[in-house]
Each structure stands twice: as structure tokens, then as C-alpha cells.
Amino acid sequence: EWKVPKVIDIQGEQSKSLKCNRVVRTPMPKKFLAIVDPLASLNVLADTTLALIAEAGARGVDNFACEIGDIFLREGKVHFHAAPVSIKPGDQKVPHYLAPKNVMSADEFRVIFMRKDPPVDEHFMASLLMLRVHDPKKTLVLNDPDGLLVANEKLFGLHVAPQFFPATLVSSNKEDLLPFVKAHQKV
């Protein structure tokens, strides 16, 4: 536990009256949050989110998890219904919540991992819009909500490297889709 002198604020700024060059920073909490699909649906042998949680836990980080339905805004701040989780490297059991979910602020976490798999639907989009409200000076959000909104993993490649993609059609219109399926036979 670090003791923070009164002459140094929580941002690590040095007081004008302090004569030394040493700055003591207030340590961030060692808490990570993973926004995931339901824990029971995760593949223990292949899910990289579980590997991240296991490695962070091995390094002394307290890990928490929630689902996108657990994200909400209160008085302009993003909060979660989250609970602690634990998985050890090499575990082959599906993780479970270690306690009931409690309301937690984004500011309580050093890092929030947005790891929800598709579908990219209205719930996913709403969760990204809420995550944008976090304070980036206090908490790092990976995958960045703005990046996920702008660079959808399925469509962004068509913008930056279309030459590497097969014939592609994105539409919700049946009149567009049927001729494309007939022409390409495999979709």
C-alpha cells in the first residue's frame, strides 16, 4: 500500500512548493472487468478472454465479469452489475461467478475488456454507446467502443483491403440477396 504525500494529488502532479523531482503516483486498483457472453457459453479450451483472465489473475489482478445487459448509465457515469471470477491457467472447467453481482463503477477498474461476441445488434450497439461515457483518464477500455462502432470486424476489411475478399454483399433486402446467392451458390 503506497502512502501518498498531501503535496501530491491523485493524478501524480507535483506541488509547486515541493523541491524534489520525485513524483509519487496513486496506484490504480488492480481490477479488470471482462464484458463477455454468459460464462457457461464460453469455450474453456479456445476462448482468449479466459486466457486473459487467467494470466491477469496469475499476476495478482482481481478479475470481474459481466454481460452487456449488465451495463448501465447513472448520473452520466457508466456502471456495471459485475462479480468476481477466477480461472487458473490450464483450468478446463467453465468459470463461474464467485459472488453475487454488485453495482460497480467503471472508475473502479484499471482495464475493461469489451469481449462480447457477435451478433452486432441493438443491444451490442447500445452497450458501446454507454461504454463511450467512461473516463479514459481513469480506465482503459479495450476494444475501444469508438473503434468497434467505426471498424466492424466483419466489414472494415472491405474498406481497407477489398482485393483480399471474395465477392461480398451486405444487405437485408431479399431482392438483393437472392440473385447474389444464385450467382455464387456458396454464401
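Positions are given from 1 along the sequence.
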Could you please spell out the steps behind the salt bridge (Lys or Arg N to Asp or Glu O under 4.0 Å) verdict for Lys31 and Asp62? CA-CA 5 Å; Lys31 291 181 183 176; Asp62 294 327; over 6 Å; no

Pair Val111-Leu33, side-chain contact (heavy atoms from CB on, under 4.5 Å): steps then yes or no: CA-CA 6 Å; Val111 180; Leu33 174 68; over 6 Å; no

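Residue pairs meeting the side-chain hydrogen bond (donor to acceptor under 3.5 Å, both in side chains) criterion with at least one member in residues 33-54, sequence neighbours excluded, are Asp37-Lys116, Asp47-Thr49, Thr48-Arg115, Thr49-Arg115.
Ring centroid separation for the pair Phe64 and Phe32 does not come in under the 6.0 Å cut-off.
Between Leu39 and Leu42 the shortest side-chain heavy-atom distance falls below 4.5 Å. With contacts defined as side-chain heavy-atom distances shorter than 4.5 Å, the pair Leu129/Leu131 does not qualify. Within the 4.5 Å cutoff, the side chain of Asp176 has heavy atoms near those of the Leu169 side chain. Taking 4.5 Å as the limit, every side-chain heavy atom of Phe180 sits out of range of all side-chain heavy atoms of Leu177. Residues Leu142 and Met114 are not in side-chain contact: their nearest non-hydrogen atoms beyond the backbone lie 4.5 Å or more apart. In this structure, the side chains of Ile35 and Phe113 stay at 4.5 Å or more apart for every pair of heavy atoms.
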Which pairs would a plain distance check flag for residues 73-95, meaning a side-chain donor or acceptor within less than 3.5 Å of a matching protein atom at least two apart in sequence or in another chain?
unit_1, atom_1, unit_2, atom_2, d
His79, ND1, Lys77, O, 3.0
Asp91, OD2, Lys88, N, 3.0

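In this structure, the side chain of Ser127 does not engage the main chain of Ile68 through any donor-acceptor pair within 3.5 Å. Although no hydrogens or angles enter the test, the distance criterion places a donor-acceptor pair under 3.5 Å between the side chain of Thr139 and the main chain of Ala106. With hydrogens and angles ignored, the 3.5 Å screen pairs a side-chain donor or acceptor of Glu108 with a backbone N or O of Ser105.
By the 6.0 Å contact criterion, CZ on Phe164 is open, its count of non-hydrogen atoms from other residues, nucleotides or ligands being 12 or less.
The residues Asp146 and Arg132 are annotated as salt-bridged, a charged nitrogen and a carboxylate oxygen being separated by less than 4.0 angstrom.
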